[in-house]
Every structure is written in C-alpha cells, then in structure tokens.
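Each chain gets a letter, A, B and so on, in the order its sequence line appears, and its residues count up from 1.
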Amino acid sequence: MPVHNADIAAIFEQIAELLEIQGANPFRVRAYHNAARTVSEFGREFTALIAAGQDVPHLPGIGKDLSGKIHEIATTGRCALLDRLRGELPPALTELLVIPGLGPKRVRTLHEALGVDTVAQLRAAAEAGHIRRVPGFGAKTEQRILDHLRSRPGPETRMLLPVAAQYAEALADWLRGAPQVQQLEIAGSYRRRRETVGDIDILVASDAPAPVMQRFTGYDEVRQILGQGSTRASVVLASSLQVDLRVVEPAAFGAALHYFTGSRAHNIAIRKRAQARGLKINEYGVFRGKARVAGETEESVFAAVDLPWIAPELREDRGEIAWAARAPLPRLIERADLKGDLHCHSRASDGNATLEELAAAARAAGLTYLAITEHSQRLTVAHGLDTARLLQQCEAIDALNARLDGIVLLKGIEVDILEDGQLDLSDEVLGQLDIVIGAVHSHFDLSPARQLKRLMRAMDHPHLHVLAHPGCRELGKRPPIELDWLRLVRHARRRGCFLELNAQPKRLDLTDVHARMAREEGVLVAISSDAHTVDDFNNLDYGIGQARRGWLEAADVLNTRPLDTLREVLRRG
DNA sequence: GCCGTTTTCGGCCCGACTGTTTTCAGTCG
C-alpha cells in the first residue's frame with residue numbers, strides 16, 4: 001500500500017493527540033500538529049521523492065527528528081513512536097477529544113478515574129451517573145456529554161462556500177439592522193475564501209455590545225445557544241451551521257479583524273514577529289507595554305510589525321510573512337481581470353441553455369469571449385457530441401458569431417481522456433477547433449503511475465490546450481485522483497499545455513496548492529466557470545477566490561488575455 | 001520538537017467563557 005502525505009499527516013495528528021492526553025510538553029504537541037499541516041499541504045508525495053533517492057526537503061517546523069519520522073513512515077508505513085504510544089494508552093481515547101467540553105486533560109482524568117477508553121464506555125459511565133462524581137466534573141458536564149452522544153450529528157461536515165454564504169450573509173444583514181452596529185465583517189475561513197467552511201465568524205465594532213449580542217442570539221434561525229458572554233457568543237443555526245460573534249470597540253476593529261480572520265497559524269506567526277519587536281498583539285490592538293500603538297485598521301497592525309497588508313486569502317502561514325517582509329506580494333488577480341471563459345456547456349450536451357442565451361449571459365458577466373466546450377461522444381450520459389454533431393455545432397457558432405455583438409464564441413470541446421490517454425475524437429476534427437480542453441471522467445482510481453502516464457500522454461496530443469478539472473475531485477463526494485503533481489505540472493510546461501482551475505464551487509479544481517505550483521513552474525492557469533446554466537458564470541467569483549489562495553496574478557491566468565493574444569498563445573509550437 | 005540581529009538553551013500567541021470552584025483549570029478559537 002503506498003503511503004500518501006495524508007497518511008503521514010494522520011499519523012502525526014494521532015501522535016499529537018496521544019501526547020497531549022499523556023500531558024506532554026504542549027510545544028512538542030504543537031510541533032506534531034504543525035508538521036501534520038505542513039505535510040498535508042506539501043505539493044509532492046514524500047514517498048515518490050524518497051523512492052527517487054532524494055532527501056526529505058527542508059520545510060519550516062520540520063527538523064531533524066520529524067524529517068526522520070517522515071522518512072520512516074514513507075518507507076515502512078509505520079512509526080515506532082506511534083506504536084509505543086498506542087501501547088501506553090488506548091488509541092480510541094483520541095476519539096473522545098471531538099466531544100465538546102472534553103479536552104486532553106479531562107479525557108485522561110476519565111481514563112484514570114473510571115477506566116473510560118471508548119465512546120461506548122463514556123456513554124455508559126455518563127448514563128450511570130459516574131462522571132459527575134469525578135473531581136473537576138459535575139452534573140452539567142455529564143449532561144452535556146450525554147446530550148452530544150444522544151444527538152450524535154455524524155461526522156464533522158464542512159459546508160461549500162456558496163452554501164455557507166446564504167446563511168452567513170442573511171445573518172449578517174440581520175445584525176446590520178441593529179443601530180449599534182458600526183462595522184461588520186464576516187471573518188474566518190469565509191473571508192480567506194477557503195473552499196469549505198466549518199463555521200462562520202462574525203466580527204462587529206460597536207460601543208454598545210449588549211444589544212448586538214441580544215439581537216444575535218434572538219435571530220429566528222438560531223437553534224441552540226452554545227455560549228454567551230458580554231462580547232462573545234456562539235450559536236448553532238437550524239442549518240447546523242455554527243456561528244460565532246465577537247463584538248469589539250471601533251478602535252480595536254482592525255486588530256480584531258486580523259485576529260478573527262486567521263488562520264490560526266498565520267496569527268501565531270504574526271504575534272511571534274511582534275514579540276521579537278517588543279510588542280504584543282491581541283484582538284484589542286498592538287501594544288508596547290500598556291500603550292496601544294495600532295489596531296484601528298488591519299493595515300496598522302501589519303505596519304506595526306513592518307509588513308504591508310496581506311490579503312486574507314494568503315494568510316495560511318505558507319510563507320506569506322517572510323515573502324512580504326522582503327519583497328512585494330503578488331498583485332492578486334481580481335474578477336475584473338478575466339476577459340473570457342474557456343469552458344461551458346449548452347443544451348447540445350448536458351447544459352440547459354442555448355448558445356445564444358449563454359453568449360448573452362457571458363457578455364452580461366463582463367466577458368468578451370466564451371468557449372463552447374460540450375462533452376464528447378464517449379460521455380453518453382451527458383449526450384456527448386460525435387464528429388458530425390460537433391461539426392454541426394461549429395457551423396451554428398459561426399452563424400451566431402456573425403450576429404453577435406460584444407462577445408465572440410469560440411469553437412471548442414471538452415474531449416474525454418480515455419483510460420490509456422488517447423482522446424475521444426480524431427485529430428482531424430480536433431484540429432478544426434479554436435480550443436480543445438481534455439478531461440478525465442472515468443477510471444479515477446488508476447495507480448498514481450498509470451494516472452500520470454495517462455494524463456501526460458493526453459497532453460502530448462498536439463491539439464490539446466487545457467487539462468480540465470485536473471484533480472477530478474468533488475468536494476465531500478469524490479477524492480482527487482492520485483499522482484505526482486509536480487511531474488504533471490512540469491510536463492504541461494514542456495508541452496505548452498495549460499491547467500484549468502474549474503470554478504464550480506463543488507470542484508474548485510486545481511487546489512490552491514497546485515495553482516501555486518503551476519505559477520511557480522510557469523504554467524498558465526485557465527479559470528473557467530464550467531457553466532451549464534446562464535447563472536453559472538457567477539462561479540467565476542469562487543474560482544477567483546481559489547486562484548488568489550494560490551497566489552495567482554492576472555498574468556498567471558490564461559483567460560485574462562484579450563482574444564487576439566489568447567489565439568496566439570493557443571497556437572503552441 | 002523547533003529554532004536563533006538577545007539565545008545551541010530556554011523560550012515558544014493570547015484571551016473569552018464555562019463549570020466547578022471559592023480563586024482557577026480546562027476548553028476553545
């Protein structure tokens with residue numbers, strides 16, 4: 001069984017949790033948590049690197065010991081430290097940590113006092129009334145555990161960004177109705193434009209917190225109030241979305257916004273930087289001793305630690321701080337930079353709009369060209385086009401272009417990449433099109449080596465311009481295909497191919513990490529709506545968010561070119 | 001366990017809220 005980076009990260013997470021329950025040095029615990037994150041975000045598979053005879057590369061927070069463990073896990077699939085810890089503590093104890101109110105200390109106490117090692121044993125102990133008798137516990141804690149276990153809401157679910165947006169924006173509007181609200185921002189991973197969000201963080205500036213808090217907990221979608229203080233409250237909405245509200249005075253809004261936007265790792269790094277300058281940063285401002293020296297705006301907070309403002313999408317502690325300290329950050333792409341869209345479907349395959357309707361909607365969305373890229377014949381469920389139908393559509397597009405104003409339709413196809421890397425239509429017909437995007441819609445589970453070979457072979461094809469939704473994932477449904485991404489990206493570079501960043505919120509494929517890899521390797525990215533309806537051009541906003549998380553500038557994106565430049569770029573040698 | 005314009009040792013971000021206490025530990029973000 002191949003060992004993936006995700007497997008290494010999972011082992012580090014479990015080591016961290018078991019060490020925590022053992023009461024180990026919290027900074028050692030944090031080192032393992034950090035390492036898990038770094039490993040899972042690293043662009044290449046360690047197993048592949050090591051198999052190629054290379055060393056584990058130097059990564060921040062990964063020293064001699066941890067890089068040795070990465071090597072150990074990648075080559076053996078096991079980790080001696082984890083095996084030892086599992087012998088010392090029942091591994092199932094870590095499953096208790098997800099229960100609200102139970103952290104490492106209390107889990108350990110329950111283990112020692114009551115012999116509780118599993119969720120089932122915890123439930124039995126709670127039902128028998130044993131937990132309330134343990135020192136440090138009480139009736140309320142016991143009840144809270146029981147409530148959670150009885151209402152067991154299944155595995156932790158994260159919402160797609162546009163789904164969360166509906167609930168979050170409505171609640172934000174409701175809060176803005178309070179006259180005491182002076183400023184309001186939805187912060188957290190929502191503001192960082194992560195592809196999914198686990199909860200919503202709302203920040204309000206107000207001189208009168210109490211009525212704001214009251215309005216918040218009185219919102220009619222609130223199902224449960226998890227906690228409520230004078231400046232902070234947590235609720236669960238009927239949709240199961242958790243929302244946290246924080247109210248601060250206006251003079252602290254910038255500091256609080258920075259704090260509440262995160263990511264946590266970014267915040268920690270910024271606060272460390274402040275420490276080194278004799279400053280302290282918290283949600284109330286930047287302080288030298290007791291004097292507040294900054295905090296009204298985010299810019300002032302960054303300036304206090306000698307940094308320019310860093311866009312929320314970059315705040316993941318992926319090198320943005322060191323970068324900003326020595327050079328200008330990328331000027332991140334914006335929606336207005338997009339000149340066209342290179343992927344959509346009409347009624348001819350599985351879309352539900354006509355060519356004319358799509359053209360009008362694209363023009364209304366500010367675009368000047370739109371590639372029509374139906375599925376190809378192999379995808380029968382989507383009414384994929386064979387050669388005859390494709391040529392018919394080309395004629396229809398020519399005719400339509402003659403009448404259209406302000407937008408040009410490009411003749412294209414989303415051609416299926418077959419299992420062996422061949423394309424689903426002949427060279428002859430593909431050569432007549434303006435643009436060919438290729439996509440995998442089957443055999444997602446080939447071995448990484450075969451999958452890579454398949455995609456590289458498809459890219460070798462002289463007429464293929466863009467590899468569409470390269471990871472083939474659907475968030476929450478289908479995992480990405482497995483392959484060595486750096487080799488794929490470098491092959492695209494050699495062949496003059498481009499990689500799509502599919503902007504459908506359920507896909508957002510490329511990932512942020514791979515988009516950044518493409519930029520660093522000099523491969524242009526196409527941000528495409530994959531529209532199937534006239535409303536789907538709104539997807540482009542989500543694609544832009546993902547692209548910004550991948551550090552992309554307008555110049556890194558294929559479809560920021562005006563049409564004549566685009567045509568030149570597509571004519572690859 | 002990591003890391004170094006104070007440091008190879010001794011630090012490591014910071015505060016709100018809850019429940020169980022009677023001054024605070026634990027959890028959470």
Side-chain angles (χ1 to χ4, degrees), chain A residues 12 15-16 19-21 23-36 38-39 58-70 79 81 96-110 131-145 148 187-189 197-203 209 213 217 225-235 242-248 252 255-256 258-287 295 301 305-306 317 321-322 325:
Chain A
F12 284 167
I15 288 175
L19 282 174
E20 216 176 358
I21 295 170
N25 175 352
F27 299 102
R28 186 179 174 210
V29 172
R30 197 166 84 191
Y32 278 99
H33 280 301
N34 287 343
T38 303
V39 163
H58 178 261
L59 296 169
I62 309 258
K64 200 174 163 192
D65 182 275
L66 284 170
S67 91
K69 286 193 171 69
I70 290 173
C79 177
L81 172 60
L96 305 183
L97 291 173
V98 303
I99 294 165
L102 288 191
K105 299 269 169 39
R106 285 185 171 156
V107 166
R108 185 180 180 190
T109 303
L110 291 174
I131 288 177
R132 68 178 67 191
R133 295 206 293 271
V134 178
F137 290 76
K140 280 194 174 174
T141 305
E142 186 177 81
Q143 192 55 46
R144 195 171 168 204
I145 292 170
H148 179 265
S189 52
V197 298
D199 61 14
I200 292 289
D201 303 299
I202 298 180
L203 177 68
M213 304 294 289
T217 52
I225 299 174
L226 295 174
Q228 185 178 6
S230 57
T231 66
R232 179 172 206 151
S234 281
V235 302
Q242 182 178 326
V243 185
D244 299 334
L245 172 71
R246 185 67 186 269
V247 183
V248 299
H258 179 257
Y259 155 75
F260 228 25
T261 297
S263 65
R264 187 178 307 187
H266 168 91
N267 286 353
I268 288 173
I270 291 286
R271 287 174 177 191
K272 258 186 185 165
R273 196 175 161 89
Q275 251 183 354
R277 287 164 171 71
L279 300 168
K280 184 178 78 169
I281 296 183
N282 57 31
E283 55 265 57
Y284 303 113
V286 182
F287 296 87
V301 174
V305 291
D306 304 316
D317 192 28
I321 295 170

Side chain of A/Asn267, backbone of A/Tyr259: donor and acceptor closer than 3.5 Å?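 Yes, the answer is positive, given that a donor and an acceptor are paired below the 3.5 Å cut-off.
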May I ask you to evaluate whether [X] reaches the phosphate of [N], defined as a side-chain N or O under 4.0 Å from OP1 or OP2?
X	N	value
A/Arg30	B/dC13	yes
A/Ser67	B/dG1	no
A/Lys280	B/dG15	yes

I'd like to compare against my own output: the B/S/- annotation of nucleotides 24-29 of chain B with a strict under-4.0 Å heavy-atom distance to protein. --SSSB
Using the P atom in both, what is the distance from B/dT8 to B/dG4, to the nearest Å? 13 Å
Check the distance between [N]'s [atom2] and [X]'s [atom1] and give it to me in whole angstrom.
X	N	atom1	atom2	value
A/Ile268	B/dG11	CD1	C1'	15 Å
A/Gln275	B/dC14	CD	C1'	10 Å
A/Tyr284	B/dG15	OH	P	9 Å

Name the closest nucleotide to the [X] side chain, picking from [options].
X	options	answer
A/Lys272	B/dC13, B/dC14, B/dC17	B/dC13
A/Asn282	B/dT20, B/dC13, B/dC14	B/dC14
A/Tyr32	B/dG1, B/dC13, B/dC17	B/dG1

Qualifying residues under side chain to side chain contact (heavy atoms under 4.5 Å, CB included), relative to A/Ser189, sequence neighbours excluded: A/Arg158, A/Arg192, A/Arg194, A/Val197
Test salt bridge (charged side-chain N to carboxylate O under 4.0 Å, His left out) applied to [X] - qualifying residues, sequence neighbours left out:
X	result
A/Arg271	none
A/Arg144	none
A/Lys69	A/Asp65

When all nucleic acid strands are considered with a 4.0 Å heavy-atom cut-off, which category describes A/Asn267: base, sugar-phosphate, or nothing?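 The residue A/Asn267 makes no contact with any strand.
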Heavy atoms only, 4.0 Å cut-off, all strands: where does A/Ala233 land among base, sugar-phosphate and nothing?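 Nothing, no nucleic acid heavy atom in range.
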Does A/Asn34 get its side chain close enough to the base of B/dG1, under 3.5 Å, for a donor-acceptor pair? no
My understanding is that only residues two or more places apart in sequence, or in another chain, count here; which of them pass ring pair (Phe, Tyr, Trp, His ring centres under 6.0 Å) with A/His266?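 Partners of A/His266 by the ring pair (Phe, Tyr, Trp, His ring centres under 6.0 Å) criterion, ordered by chain and then number, come out as A/His258.
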